[in-house]
Protein chains: 4
Amino acid sequence: MTADRADHPLAIAGREFSSRLLTGTGKYADLEQTRRATEAAGAEIVTVAIRRSNIGQKPDEPSLLEVLPPDRYTLLPNTAGCYSAEDAVRTCRLARELLDGHTLVKLEVLGDERTLYPDIPETIRAAEQLIDEGFEVMVYTTDDPVMARRFEEMGCVAVMPLAAPIGSGLGIQNRYNIHAIVEGASVPVLVDAGVGTASDAAVAMELGCDGVLMNSAIAGASDPVLMASAMRKAVEAGREAFRAGRIPRKAYGSASSPIDGTFF
Amino acid sequence: MTADRADHPLAIAGREFSSRLLTGTGKYADLEQTRRATEAAGAEIVTVAIRRSNIGQKPDEPSLLEVLPPDRYTLLPNTAGCYSAEDAVRTCRLARELLDGHTLVKLEVLGDERTLYPDIPETIRAAEQLIDEGFEVMVYTTDDPVMARRFEEMGCVAVMPLAAPIGSGLGIQNRYNIHAIVEGASVPVLVDAGVGTASDAAVAMELGCDGVLMNSAIAGASDPVLMASAMRKAVEAGREAFRAGRIPRKAYGSASSPIDGTFF
Amino acid sequence: MTADRADHPLAIAGREFSSRLLTGTGKYADLEQTRRATEAAGAEIVTVAIRRSNIGQKPDEPSLLEVLPPDRYTLLPNTAGCYSAEDAVRTCRLARELLDGHTLVKLEVLGDERTLYPDIPETIRAAEQLIDEGFEVMVYTTDDPVMARRFEEMGCVAVMPLAAPIGSGLGIQNRYNIHAIVEGASVPVLVDAGVGTASDAAVAMELGCDGVLMNSAIAGASDPVLMASAMRKAVEAGREAFRAGRIPRKAYGSASSPIDGTFF
Amino acid sequence: MTADRADHPLAIAGREFSSRLLTGTGKYADLEQTRRATEAAGAEIVTVAIRRSNIGQKPDEPSLLEVLPPDRYTLLPNTAGCYSAEDAVRTCRLARELLDGHTLVKLEVLGDERTLYPDIPETIRAAEQLIDEGFEVMVYTTDDPVMARRFEEMGCVAVMPLAAPIGSGLGIQNRYNIHAIVEGASVPVLVDAGVGTASDAAVAMELGCDGVLMNSAIAGASDPVLMASAMRKAVEAGREAFRAGRIPRKAYGSASSPIDGTFF
């Protein structure tokens with residue numbers, strides 16, 4: 001509303017963004033729905049599964065770049081579907097080639113087809129290799145605060161802990177861990193995977209996260225474009241609530257001191 | 001974004017409102033902060049504790065009506081601080097007089113200074129009397145679905161279950177009950193009391209509530225005006241998410257059927 | 001283990017009990033299973049739905065009293081299935097007659113076939129009438145701390161707030177309220193309805209409740225006798241943990257002060 | 001009660017145990033309290049921090065083995081306080097020497113003094129080395145299901161995911177993950193660290209865990225011996241409830257189908 005209300009922008013690898021909601025591009029009905037939902041979400045960074053989406057590999061088919069032009073959106077190639085460091089590294093190199101030297105990538109190396117949780121040792125190997133090759137790595141990881149810090153020390157430009165399994169819609173299963181990661185981090189922390197509805201995204205931001213990335217929660221909703229709008233507002237609401245400094249939790253409104261969490 | 005995205009308005013006692021966030025007017029630093037926060041919240045209905053706020057009783061002192069003029073806001077007199085049906089009825093009559101025949105009131109009859117929970121039998125007595133005298137009663141109640149329905153049958157124009165104790169900031173303690181009230185109600189259901197931060201408000205809306213009323217969560221925040229903006233967005237986000245139809249919760253993203261809640 | 005470890009007994013209406021687990025008698029496969037489960041639960045008080053169970057009304061059919069003899073168990077007639085004060089009072093009088101002047105009863109007046117929540121105003125009316133007629137009333141109520149106190153003031157010998165809907169197995173939905181009831185009560189507080197598994201019963205006791213009553217959670221388990229044993233141990237475990245004084249919750253083990261619940 | 005009620009024993013590395021509660025030996029007032037609490041817990045396996053406890057390193061000082069004799073208890077040396085694979089391996093070798101060739105150890109390699117969370121890459125290195133040297137490794141790990149499976153494949157004889165930070169008393173922060181680990185494991189899964197009170201232990205067992213290890217929750221309670229008894233019963237209760245097959249969660253008792261978790 002006034003100048004003192006303005007938030008500082010989200011800074012990743014030297015670039016600045018006013019939106020803190022990152023969206024995926026899979027699972028939509030068609031490219032037009034992708035375009036409309038991305039717009040309603042107000043996303044500035046959109047992630048693309050290089051192994052599943054056409055961004056030029058198939059010149060004769062419709063390309064995602066037509067509806068999400070790189071001059072307007074920061075494309076974030078991701079390694080979805082990779083189960084080894086080698087596959088992930090190869091996928092990032094392909095993305096760099098297709099996108100004219102683009103180096104910002106989202107690394108995910110999966111460990112399990114059932115949970116789609118990351119494979120931490122393989123993710124470490126891939127991250128080291130990619131950083132060596134000059135990539136700017138945003139890394140999908142578990143909500144383990146020790147590993148989050150390790151990825152930062154290694155040179156990753158953002159850590160992206162999961163809230164819950166990819167596509168599960170379960171919301172943040174462990175607020176403690178997400179909070180501990182935020183407390184220990186100097187690079188941006190973005191919750192990635194598991195968000196189900198608007199309040200989940202707000203909670204992530206209230207815990208101090210710098211942003212949220214989601215795909216299924218929007219694309220899988222009955223009305224994806226409306227849900228994209230909901231998520232945009234929820235991320236902004238959570239961010240503002242975090243900045244505004246919430247009231248303490250008290251057992252009673254009349255109580256003079258905050259509760260110690262003994263029984264809740 | 002487009003016409004089909006428009007929500008129907010919140011209708012209370014024949015009046016329509018586009019905002020679903022109702023705010024209180026107590027606990028602010030001064031009238032100017034009250035004005036700015038109310039504006040940032042986008043509130044159209046503001047509730048006033050007749051026993052604590054000057055809306056004309058003291059002609060020589062600054063009046064709330066100067067910053068919240070009745071031609072712009074729907075004033076909702078409330079009976080905060082009343083512990084008996086008689087006191088509550090008397091307070092509503094005074095409000096009607098001060099506000100030139102205004103009949104929409106928020107009834108609260110407290111049962112306990114510690115929890116500030118309502119006294120259900122006294123609330124019933126007061127509601128019956130007020131409805132008899134032509135008031136349009138929005139009733140503060142527990143989250144008991146049976147009583148919520150009873151108040152509706154009695155003629156109350158809205159039921160306002162508590163999320164948690166007034167001023168506690170604990171958020172919705174019993175989602176089950178709030179959802180059960182919504183399922184059984186034909187009049188608007190507005191969560192009243194206990195909201196602490198933005199996600200709490202979003203959750204209320206995602207459960208299907210028609211609106212949220214709050215005071216402490218905004219007025220008690222470190223930056224009340226910014227928190228008011230957060231709450232506005234959170235209520236809109238929760239409403240849109242409710243309308244957009246969230247994805248089901250699944251144990252794994254790859255799972256074909258929703259989880260049955262057995263272990264969460 | 002040693003004398004100082006002994007708990008004081010549960011005292012209801014002047015009688016003392018060493019077991020704090022009360023069980024129902026419905027929904028079992030047969031009377032023999034009822035007997036074995038009751039024994040495994042270690043229950044001393046068993047509640048009987050007068051409208052559904054034969055305790056002598058039908059002299060030609062098997063009677064519950066054969067497997068649960070009144071000289072060994074304290075029978076607690078209940079008014080399950082009653083939706084009005086009149087029905088409930090009539091049912092209690094019938095029980096007194098069948099049980100030779102027995103006055104200890106569990107009053108429940110339902111308000112809703114869907115949730116099986118109590119009807120508070122009818123419950124008040126029935127309780128007043130029954131107390132007037134010399135009954136000792138244990139009252140099934142919502143988890144509203146104000147009403148719990150009111151029932152105590154009225155002369156009820158125990159208050160029995162619900163954890164969740166009867167038969168739902170959802171566990172304690174609102175720990176805050178149960179705790180607030182315990183804090184404000186001088187008569188025994190027993191959680192009644194909604195327990196699903198052993199940990200739910202333990203939580204009730206850890207919150208300071210004096211006992212737990214359940215039926216579906218045991219009778220509906222795949223192995224009711226084994227679940228009865230589980231519940232017996234869970235109630236004892238929760239009671240002992242309550243008495244033993246748990247460690248405070250801390251954000252980290254190394255932290256010097258308990259957490260204030262701000263982010264959990 | 002009868003033969004069919006008997007559980008199969010907990011089997012770790014070829015040995016069988018009837019108790020599923022493992023206890024620590026630190027933080028007690030004195031050795032006599034250690035002895036009494038261990039007995040009240042019914043523990044058969046007790047873990048010993050080799051770097052902090054005297055089991056013979058200091059021949060002139062009182063030894064833990066006097067109150068917990070190895071012919072009665074299975075001692076489980078642990079590497080508490082180690083922050084590198086080298087330190088952990090060295091500590092295990094020392095334990096083997098002190099305990100005459102004992103090979104069963106609990107490996108923990110910490111990554112962070114604040115959270116006391118494990119360092120996964122160092123834990124992998126240490127586990128590989130120890131297994132190579134013939135140790136039987138029970139491994140303290142995060143609640144990551146992918147890593148839990150990896151440790152099993154590597155040859156660890158039990159996986160011990162944390163419930164919450166060591167000593168925090170926060171209880172199981174992520175039931176989803178603990179359940180997913182149990183689903184995927186063939187070796188015993190024991191929750192280690194973070195239990196605060198009896199119900200936390202019961203929940204772990206209800207999720208299907210094979211056992212629970214704790215120290216602070218017992219030693220730090222106001223009455224450690226009574227809390228030890230509570231924990232013994234809670235673990236048994238949770239185990240029996242798991243085996244007995246709980247009722248499904250339903251929105252209403254009268255509902256015909258379990259809830260799908262959409263709104264809880």
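Letters go in sequence order (proteins before strands), and every chain restarts at 1. These figures come from a predicted structure and were not determined experimentally.
The side chain to side chain donor-acceptor pair (under 3.5 Å) test applied to C:Glu108 returns C:Lys106, not counting sequence neighbours.
The two atoms that bring D:Ala234 and C:Ala237 nearest to each other are N-CB, 3.5 Å, heavy atoms only. Here the closest heavy-atom approach between residue D:Thr197 and residue C:Ala241 is recorded as OG1-CB, 3.5 Å. The minimum heavy-atom distance linking D:Ile247 with C:Val195 is given by the pair CD1-O, 4.2 Å. Nearest heavy atom pair, residue D:Ala202 against residue C:Ser199, reads CB-CB, 3.9 Å. Considering all non-hydrogen atoms of both residues, C:Glu240 and D:Lys233 come closest at OE2-NZ, 2.7 Å.
Put simply, of D:Arg239, D:Met227, D:Arg232, the one with the most heavy-atom pairs under 4.5 Å next to chain C is D:Met227.
Remark: the backbone N or O of D:Gly169 is paired with a side-chain donor or acceptor of C:Arg246 at under 3.5 angstrom.
Listed in order of number, the residues of residues 209-221 of chain D that approach chain C to under 4.5 Å between heavy atoms are D:Ser216, D:Ala217, D:Gly220, D:Ala221.
In this structure, C:Asp223 and D:Arg243 have side chains that are not in contact, with every pair of non-hydrogen atoms separated by 4.5 Å or more.
Here the CD atom belonging to C:Glu236 is positioned 8.0 Å from the OG atom belonging to D:Ser229, to the nearest 0.5 angstrom.
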